[in-house]
Amino acid sequence: MNPSASRKLPDGRRKLRLATTSLAGCFGCHMSFLDIDERLLTLIERVDFDRSPFTDFKQIGHCDIGLVEGGLCSVENVQVLREFRAHCRTLVAVGACAINGGLPAQRNHLDLGQILAEVYRDRPGLAPGSAVPSDPELPLLLNRVHPIHEVVQVDYFLPGCPPSADAIWSFLNDLMDGRTPHLGHGLIRYD
Amino acid sequence: MSSADAADVFHLDGHDVPFVTGETVLAATSRAGRYIPHLCWHPEFAPHGSCRVCTVRVGARLVPACTLPATTGLVVESDTDELLHLRKRLLQLLFVEGNHFCPSCEKSGDCQLQATAYAMGMTGPHFEEFYPARPVDASHPEILLDLNRCILCSLCVRASREVDGKSVFALGGHGIDTHLLIDSPSGRLVDTDFAPTDRAASICPVGVILPKRRGFAVPIGERRFDRQPISATEEGDP
């Protein structure tokens, strides 16, 4: 499949391209996305998936919609986020971690060096010689976890931990139909 | 009701709201079963006027409805795009000033801050997060104090002083450094005469003052503001 091919719908409208990624998240938002179940079949009539854990494409092409799960805890997260922003016309912060840092941000009042030493080196029960991982392939951690709107412009926020499948479906339909997304009572949730 | 009483109405978004002499716009509105968003106001206590979420427009002025005396014929605007936007910004400021991680908060679904933000359509924080370093006071055997979630509404201060006669809580500091104080030599809750039966133990609109060893008694998704929006719920405790 050519990931950058532009395809048409039977009614002449262009098929939209959708990319998704999980940064400092738990993939719970992606699992909730999959919870739209058979509505996925309706969705793929309207959109083609670009870079996403669902396609396993490694590079992102020009997209209409980018869904970003998770906040920023490493330099790699920042790099991927900037690539998404540069390639997506509409960028969406999906879930608590992308929106306010979420659970990973609860380390923000602690010293990163002390956390790493406590977890990997000094904790009781570790093997002798245990040390803080320092492989050059590991992305450097940020001192504090940040929500994504602190680094790039975010067009919409889709809250929830995770947002329910119904909230994701309602939100995507609004976007695909050219409406400003609106989540009413029961769909707008922070937990 | 006498004809003199019948004349005592003000106008809220085109609706007549009856009031009694001395009543505020917010108190009369709440009694009439209508909703003006608010956080630091509670029908059992004198108004504090600090959160400004109940701000309404009266002519050219923006004023908090909780301290505004109702007067005959007053024309009050509340449910407008302008005020919705201003309230949302106030809520976003409250969210980023504290550490409000709803998914791990026992109060989620029963939280007035969260429910009011739902009602204002707040989907994100807009501002940068402060991530303040605030302590948790777990010293009391039956009550947990998680100050990360405090919005400085002072309802616990008023309840402890006016109902419980104890003055366990106070607000100290100024501006962004304002914080909740515990009135004991150690500054810890265990060294006060605070009791789980105090009115102050059940008044917190957010998840600061929580009973220990009680979690998920009502599942997430079935709590007070999960079932219906805050605008449709009765004032006061569930």
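Only heavy atoms go into these numbers, but all of them, side chains included; no hydrogens, no water, no symmetry mates. So that the names make sense, note that chain A is the first sequence line, chain B the second, and so on, each numbered from 1.
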Notebook entry, point to check: Quick one: what part of S104(B) sits under 4.5 Å from any heavy atom of chain A, side chain, backbone, both or neither?
Noted result: side chain
Item checked: Heavy-atom pairs under 4.5 Å with chain A, option from C111(B), C105(B), A117(B) with the top count -> A117(B)
Next item on the list: Heavy-atom distances under 4.5 Å only: say whether A98(A) touches chain B with side chain, backbone, both or neither.
Entry: neither
Notebook entry, point to check: For R227(B), is it the side chain, the backbone, both or neither that has a heavy atom under 4.5 Å from a heavy atom of chain A?
Noted result: backbone
Check: CD of E82(B): more than 12 outside heavy atoms within 6.0 angstrom?
Finding: yes
Notebook entry, point to check: Which pairs count as ring pair (Phe, Tyr, Trp, His ring centres under 6.0 Å) when at least one residue sits in residues 96-149 of chain A, sequence neighbours excluded?
Noted result: H149(A)-F157(A)
Checklist line | Which residues share a ring pair (Phe, Tyr, Trp, His ring centres under 6.0 Å) with F127(B), sequence neighbours left out | finding: none
Checklist line | chain B contact via V145(A) - side chain, backbone, both or neither, heavy atoms under 4.5 Å | finding: backbone
Check: Listed by residue number, which members of residues 175-191 of chain A have a heavy atom under 4.5 Å from any heavy atom of chain B?
Finding: H185(A), I188(A), R189(A), Y190(A), D191(A)
Notebook entry, point to check: Counting heavy atoms not belonging to E76(A), are there more than 12 under 6.0 Å from its CD?
Noted result: no
Next item on the list: Kindly check if the number of other-residue, nucleotide or ligand heavy atoms within 6.0 Å of CZ (R89(B)) is above 12?
Entry: yes
Notebook entry, point to check: Any idea which of G101(A), A93(A), A105(A) has the most non-hydrogen atom pairs under 4.5 angstrom with chain B?
Noted result: A105(A)
Margin query: Can you confirm whether Q106(A) sits close enough to N99(B) that some side-chain heavy atom of one is under 4.5 Å from a side-chain heavy atom of the other?
Written below: no
Note to self: If I measure from the heavy atoms of chain B, does N100(A) come under 4.5 Å with its side chain, its backbone, both, or neither?
What the structure shows: both
Next item on the list: Please report the shortest heavy-atom distance between E128(B) and E150(A), naming the atom on each side.
Entry: CA-OE2, 3.4 Å
Margin query: By the side chain to side chain donor-acceptor pair (under 3.5 Å) test, which pairs, at least two apart or in different chains, include something from residues 121-134 of chain A?
Written below: none
